[in-house]
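Lettering follows sequence order; numbering is per chain, from 1.
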Number of protein chains: 2
Amino acid sequence: MSDRRLEGPVRIVGAGLLGASIGLALRERGVDVILDDVSPSALDLAIDYGAGRPAADGDLPALVVVCVPPDVVARVVAAELAAHPIALVTDVASVKVAPLEQLRALGVDLSRYIGSHPMAGRERSGAISARADLFIGRPWVIAGHDAISYGRAAQVEQLALDLGAIPMEMTAGEHDRNVALVSHTPQVVASLLARRLSGATDSAVALAGQGLRDTTRIASSEPELWVQILGANAEPVAEILAAFRDDLDAMIAALQQPTAPGARRAIAESLAGGNAGVARIPGKHGQASHFSQIVVKVDDTPGELARLLTDIGEAGVNMEDLRLEHSPGAQIGLAEISVLPEVEERLVSELSARGWKIAGAFA
Amino acid sequence: MSDRRLEGPVRIVGAGLLGASIGLALRERGVDVILDDVSPSALDLAIDYGAGRPAADGDLPALVVVCVPPDVVARVVAAELAAHPIALVTDVASVKVAPLEQLRALGVDLSRYIGSHPMAGRERSGAISARADLFIGRPWVIAGHDAISYGRAAQVEQLALDLGAIPMEMTAGEHDRNVALVSHTPQVVASLLARRLSGATDSAVALAGQGLRDTTRIASSEPELWVQILGANAEPVAEILAAFRDDLDAMIAALQQPTAPGARRAIAESLAGGNAGVARIPGKHGQASHFSQIVVKVDDTPGELARLLTDIGEAGVNMEDLRLEHSPGAQIGLAEISVLPEVEERLVSELSARGWKIAGAFA
């Protein structure tokens, strides 16, 4: 890891969610940020939000960050390399092989280009949704290639570090296969699952619970952007979906003849395979056993949750996570508090002593 | 809706998550609860948790609630009808057609049986995970049939109301088709998607984000229970999965030839269909436009979130929902606060005045 600091100005091309968020984060660190966008109104909006300033004659950016949709990444990167002959150019697109191949085909000098991909985003888009802390604690892939020097690559790594992200080096091909599995395939599956609800009766959707909401949440993503992402990473996604379809075919066959020999076993193996797969996901939400959960009843009135959290703070306990369950129309909510297992018992007794109703506590 | 109150004792057969939760909730209301379970240790555990008492000679339950796995529901219901000749018997299984048909085949008197299904659950199972407020604000399906009187059915409706749930009447067939769509199909899809992660490299799962976590969370459910649920509702689930597979085939074909005429359009239509489907889900999480979201930076130290919520309460604003984003290892979290759109602007200015850093605000 390099300890060099970014020396501005940094030029950001594309003032959407990612471009404006990078701009906001760099501005917070006092970096001079030049913003550009093909849409004058998008540019004005991002400047109004404080994400940077317009370009001026004589600007000599040290770093150019291209934050445009995947379809136009290579063209914009090539133009930026030509326009700023001393700058390092990176992009933040969700696919890395296609832009690199297109740049090679265009014959550009790759010694000043390195692709990257911050694993951060939202269902919402545009500068209006930008946040300076969008990247904090998120992986930021640096997709190296033979023509780039370590020193150059370290500059992009420093950008990621400056924005609070965790740089991860991998090849463009590795990146694309990885995101096909953990991002692009889930997007397709969620969209196709949600699509089944289009013709649903009111009586069916009235029964919707948290499981359906969670499995379909990302299906509200922008089709325009995802058509480009999927189009640019089609082969790895198609491969994973084909394997998924084989499992699906086996499941459908078993359900069509549920009393046939082996049917129950086939269903059980699919479900157990899902258990094994979800256990592979790291992080607190993937490893439920890492923290203890305490569930507390909270009245739906202003200040009640604050009072609970104040009591937790006064007990000297650091909350690792908090999840609210709150049904529409209900006058009561449940706060599920994650804490280190060793403090669970003490917190339960302290909260009970302060009159809180504990609905449950789980290791 | 009847205004009669439950007159105990209520007998609960099956002391797992649902049985013990119903027991806890009824005990809170002062109802005499008799618990039974084929497993003496499960029964002892639930009694230790305060979910009820053991059966005694001379017990005359008015209501029996059968909370056993789908495969044995009909057998247990039949036995309870025979053993308690004046009691109304209901069950809470996730499927309703198969138990009813099995009871008909057994020739039992259906005038004292009505199936029901509280749409509440957790990934965790057993009395150890039971909560008295598991049912608050949740739909509770009452699956009527010709042989039951309105008066009898109203008793189960009253049970649902007493536990804070929202009774919804529908036929067993409607119920099974509805849950096939909103619960059973999402379970299968999440399991099959998670299964793709079984052989994932560390470098792939290191890139996992909230989208993957949400889409696969329910894949950690118990295979033993779900084999029974899916087996008992196989036909409606297989039908929906077959339609899902048709969409999947079209998507795979488009991705295998992403530059062929019509490929991009096919992908876009699938994604747009997902947008339309997810918009059908009611409730605050489904209708993001219903509330405004304000995102505030919160240091990861005890008491900080409490201080934020106190400030919100002092501004006189009622928070509709709260979501924490908190990356492992990060020293900062983001609190996403949902409020009525008309108070958004005022809250942003009040919080800013109190020194809070607003990372974003969205309609």
Side-chain angles (χ1 to χ4, degrees), chain A residues 131 136-137 178 181-182 186 189-195 197-198 204-205 207-208 211-220 223 226-227 231 234 238 241 247 252 255-256 258 267-268 271-274 276-278 280-281 283 285 302-303 305-306 309-310 313 318 322 324 327-328 330 359-360, chain B residues 131 133 137 178 181-182 186 189-195 197-198 204-205 207-208 211-220 223 226-227 231 234 238 241 247 252 255-256 258 267-268 271-274 276-278 280-281 283 285 302-303 305-306 309-310 313 318 322 324 327-328 330 359-360:
Chain A
R131 320 201 303 216
I136 293 173
N178 287 346
L181 182 63
V182 303
V189 169
S191 292
L192 297 181
L193 176 60
R195 196 181 189 185
L197 300 172
S198 301
V205 292
L207 301 184
L212 183 67
R213 290 192 170 87
D214 285 351
T215 49
T216 60
R217 184 180 59 80
I218 56 172
S220 59
W226 276 94
V227 165
L241 287 178
D247 287 349
I252 292 173
L255 289 173
Q256 281 169 340
I267 299 171
L271 295 165
V278 80
R280 292 279 297 134
I281 304 176
H285 296 287
L305 191 59
L309 300 190
T310 302
N318 197 13
L322 169 68
L324 277 193
S327 305
Chain B
R131 321 202 301 216
D133 38 21
N178 287 344
L181 182 63
V182 303
V189 169
S191 292
L192 297 181
L193 175 61
R195 196 180 188 184
L197 299 171
S198 301
V205 293
L207 300 184
L212 183 68
R213 290 192 170 86
D214 285 351
T215 49
T216 59
R217 184 181 57 83
I218 56 172
S220 59
W226 275 94
V227 166
L241 287 178
D247 288 348
I252 292 172
L255 290 172
Q256 282 168 341
I267 299 171
L271 296 166
V278 81
R280 292 279 298 133
I281 304 175
H285 295 287
L305 191 59
L309 301 190
T310 301
N318 197 13
L322 170 68
L324 278 192
S327 305

Subject >> Proximity breakdown for P186(B) and chain A, heavy-atom pairs closer than 4.5 Å >> reply: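 Backbone plus side chain of P186(B), per the 4.5 Å heavy-atom cut-off to chain A.
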Original post:
How about V278(B) and L197(A): do any of their side-chain heavy atoms sit closer than 4.5 Å?
Top reply: no
Original post:
Can you check whether T215(A) reaches V189(B) side chain to side chain, under 4.5 Å on heavy atoms?
Top reply: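 No, too far: nothing below the 4.5 Å cut-off.
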Subject >> Set of side chain to side chain donor-acceptor pair (under 3.5 Å) partners for S191(A), sequence neighbours left out >> reply: Q187(A)
Original post:
In Å and rounded to the nearest 0.5 Å, what is the CG to CG distance from L207(A) to L181(B)?
Top reply: 10.0 Å
Can you tell me which of [options] forms the most heavy-atom pairs within a distance under 4.5 Å of chain B?
{"options": "T310(A), L193(A), I267(A)", "result": "L193(A)"}
{"options": "G274(A), G273(A), G211(A)", "result": "G274(A)"}
{"options": "A190(A), A238(A), A204(A)", "result": "A204(A)"}
{"options": "A219(A), A208(A), P258(A), A268(A)", "result": "A219(A)"}

**OP:** Can you see which heavy atom on L255(A) is nearest to which on L241(B), and at what distance?
**Re:**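 Minimum heavy-atom separation between L255(A) and L241(B): CD1-CD1, 3.7 Å.
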**OP:** Taking all heavy atoms of A276(B) and all of S198(A), pick out the closest pair and write down the distance.
**Re:**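 Heavy-atom minimum between the residues: CB-OG, 4.3 Å.
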